[in-house]
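Step one of this worksheet: look at the structure below.
None of these values were measured; they are calculated from a predicted model. In what follows, every heavy atom counts, from backbone to side chain, and hydrogens, waters and symmetry copies are set aside.
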Amino acid sequence: MKYKYILLDLDGTLVDSMQPAVGRVLEVLDEYGIPYPDDIIKILTPLGFNGMAEYYAEKMGVPLPAEEIYKIFMERLSEVYAHSIPLKEGVREGLEALAARGASLNILTASPHRFLDPCLKNLSVEHLFDNTWSSEDFGFMKSDVRIYSAVADRLGMNIGDCTMVDDSFRVLTTAKK
């Protein structure tokens, strides 16, 4: 194995969260009878949950303050992550094989611990990871190069000795820098 330390993204990489999570977020618009374009996910994804809540309140016409919309998102998505998010096919076996070969498996995700921790517990894979970090632990987004230096500091290693596995080209490009 070339690298001992492996950083893994959660959403879209280890778990198949997009469909269940998107459904719960779009329910808010459906409940108020607010139509949305087919490409709404492309609009919402880069905004983060606070930004999505603001977008719903200011641009989509949801008759609630952004703070209330945010709370609704958190409650609904917490439930989804705790009970309904599946591992992607082959992930469990791949993680177990890497762990057996001595790799240090670490999660670095944009998802908050409120979603991350119950999800891993529900899937019975939390024991495979040496560290489970949310970008909230560092105060930087995964698209900010400073997060990788902070991760290296916490691991006590050179970030060049680490492999990042993510489904986002932007994140991978930033990690490589």
Report summary line: d(I6 CD1, N106 CG) to nearest 0.5 Å is 9.0 Å
Query raised in the report: When rounded to the nearest 0.5 angstrom, what distance separates CG in L14 from CG in L116?
Result: 9.5 Å
Query raised in the report: Charged N to carboxylate O below 4.0 Å: is that the case for R76 and E79?
Result: no
Query raised in the report: Going hydrophobic residue to hydrophobic residue with side-chain gaps under 4.5 angstrom, can you get from V22 over to L44?
Result: yes
Report task. May I have the step-by-step check of side-chain hydrogen bond (donor to acceptor under 3.5 Å, both in side chains) for N131 and Y5, ending in yes or no? Result -> CA-CA 11 Å; N131 298 284; Y5 296 97; over 6 Å; no
Query raised in the report: What is the ring orientation for F49 with F115, classed by angle as parallel under 30°, tilted 30 to 60°, or perpendicular over 60°?
Result: perpendicular
Query raised in the report: Which residue pairs pass the salt bridge (charged side-chain N to carboxylate O under 4.0 Å, His left out) test when at least one of the two sits in residues 162-177, sequence neighbours left out?
Result: K142-D166
Query raised in the report: Which heavy atom in T132 sits nearest to a heavy atom in H113, and how many Å separate them?
Result: O-CE1, 3.1 Å
Query raised in the report: Can you check whether F138's main-chain N or O pairs, donor with acceptor, with R146's side chain at less than 3.5 Å?
Result: no
Query raised in the report: When you check the side-chain N and O atoms of Y81 and N122, is any donor under 3.5 Å from an acceptor?
Result: no
Report summary line: Scanning both residues in full, the closest heavy-atom pair of A110 with S135 reads CA-OG, 3.5 Å
Query raised in the report: Does S111 offer a backbone N or O that forms a donor-acceptor pair with the side chain of S134 under 3.5 Å?
Result: yes
Requested in this report: Work out which heavy atom in R154 is nearest to a heavy atom in D137; give both atom names and the distance.
Outcome: NH2-O, 3.0 Å
Report task. Mind checking ring pair (Phe, Tyr, Trp, His ring centres under 6.0 Å) for F73 and listing every partner two or more places apart, or none if nothing turns up? Result -> Y56
